[in-house]
Student: 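I have a structure I would like to understand better, so I am pasting it below and will then ask my questions one at a time.
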Amino acid sequence: MSGDGATVVEQQLQGRVEEEITAAGDIRLLQVLAISGDMGAIATAVYGALGTGPRGEAAEITHTWEDVEARLGLLILTAAVALDDLTGDAWATVDERLRFLVARVAARPDMNLS
């Protein structure tokens with residue numbers, strides 16, 4: 001498959017058949033739990049890029065901010081796959097949530113969106 005990463009993932013999600021999703025069963029739960037693994041990798045990369053440990057102790061610089069960006073991208077993809085398996089349409093779910101949040105912010109009198 002060729003194209004940018006988002007296009008490839010979208011094509012993969014659209015190419016799944018209902019039997020695959022249904023047969024996956026509890027794999028959906030494992031995909032949701034994989035998100036926490038991605039969060040751990042992000043935290044490790046941030047500590048490594050800052051040259052610090054979890055308690056603020058000085059440590060060796062072991063990662064770059066590009067490493068953090070890559071892990072954040074993986075988190076987004078992991079979450080999209082888990083969401084797609086749960087809902088059948090990750091992008092529609094994200095779109096619905098974004099519309100809700102935009103309407104909520106727009107309704108606040110203290111927010112000036114212009």
Side-chain angles (χ1 to χ4, degrees):
M1 229 177 272
S2 64
D4 64 85
T7 302
V8 171
V9 170
E10 185 171 4
Q11 289 170 349
Q12 289 173 340
L13 292 175
Q14 289 175 351
R16 300 179 90 174
V17 293
E18 190 63 35
E19 297 82 43
E20 276 184 318
I21 295 170
T22 303
D26 291 334
I27 196 76
R28 293 179 294 181
L29 177 59
L30 296 176
Q31 289 173 328
V32 171
L33 295 175
I35 294 168
S36 67
D38 288 350
M39 288 297 301
I42 292 166
T44 298
V46 169
Y47 290 135
L50 291 172
T52 187
R55 290 166 191 80
E57 67 275 14
E60 188 177 331
I61 292 180
T62 57
H63 292 77
T64 66
W65 289 107
E66 289 79 19
D67 294 328
V68 175
E69 293 169 7
R71 283 165 177 80
L72 285 168
L74 180 59
L75 171 70
I76 291 168
L77 296 176
T78 301
V81 169
L83 183 59
D84 192 71
D85 278 348
L86 290 173
T87 66
D89 191 347
W91 307 126
T93 304
V94 169
D95 182 63
E96 178 183 315
R97 186 65 188 161
L98 283 172
R99 290 175 188 277
F100 169 81
L101 292 172
V102 166
R104 185 173 166 186
V105 168
R108 288 183 53 180
D110 59 327
M111 298 298 290
N112 181 1
L113 299 178
S114 55

Student: Closest approach of Ala80 and Ala90, non-hydrogen atoms and distance?
Tutor: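 Nearest heavy atoms, Ala80 then Ala90: O-CB, 3.5 Å.
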Student: If you apply the rule side chain to side chain contact (heavy atoms under 4.5 Å, CB included), what do you find for Glu96 with Phe100, and how did you get there?
Tutor: CA-CA 6 Å; Glu96 178 183 315; Phe100 169 81; 5.9 Å; no
Student: Do you know which two heavy atoms are closest between Arg71 and Ala41, and how far apart they sit?
Tutor: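 Closest pair (atom of Arg71, atom of Ala41, distance): CD-O, 3.3 Å.
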Student: How many angstroms lie between CD1 in Ile35 and CG in Leu30, if you round to the nearest 0.5 Å?
Tutor: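 Here the interatomic distance stands at 11.5 Å.
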Student: Testing the basics here: between Ala59 and Gly53, what is the closest heavy-atom pair and its distance to 0.1 Å?
Tutor: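 That would be CB-N, 4.2 Å.
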Student: Tell me, which pairs form a side-chain hydrogen bond (donor to acceptor under 3.5 Å, both in side chains) where one or both residues lie in residues 38-53, sequence neighbours left out?
Tutor: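 Of all non-adjacent pairs touching residues 38-53, those that pass side-chain hydrogen bond (donor to acceptor under 3.5 Å, both in side chains) are Asp38-Thr78.
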Student: Show every side-chain hydrogen bond (donor to acceptor under 3.5 Å, both in side chains) that has at least one partner inside residues 56-68, sequence neighbours left out.
Tutor: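 Listed once each, the pairs are Thr64-Glu66, Thr64-Asp67.
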Student: Give, for atom CG of Leu74 and atom CD of Glu69, the distance between the pair rounded to the nearest 0.5 Å.
Tutor: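 Here the interatomic distance stands at 14.0 Å.
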Student: Say whether Leu83 and Trp91 are linked into one hydrophobic cluster, either directly or through other cluster members, by side-chain heavy-atom distances under 4.5 angstrom.
Tutor: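 Cluster IDs for Leu83 and Trp91 differ.
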Student: Would a single hydrophobic cluster contain both Val94 and Val32, if residues Ile, Leu, Val, Met, Phe, Trp and Tyr are joined by side-chain heavy-atom contacts under 4.5 Å?
Tutor: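 Val32 and Val94: separate clusters.
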Student: Check for me, please, whether Leu72 and Leu77 land in the same ILVMFWY cluster - side-chain distances under 4.5 Å, paths through other members count.
Tutor: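 As far as the 4.5 Å side-chain criterion goes, Leu77 and Leu72 are not connected within one cluster.
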Student: Do Ile76 and Ile42 land in one hydrophobic cluster if side-chain heavy atoms of ILVMFWY residues count as linked below 4.5 Å?
Tutor: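 Different clusters.
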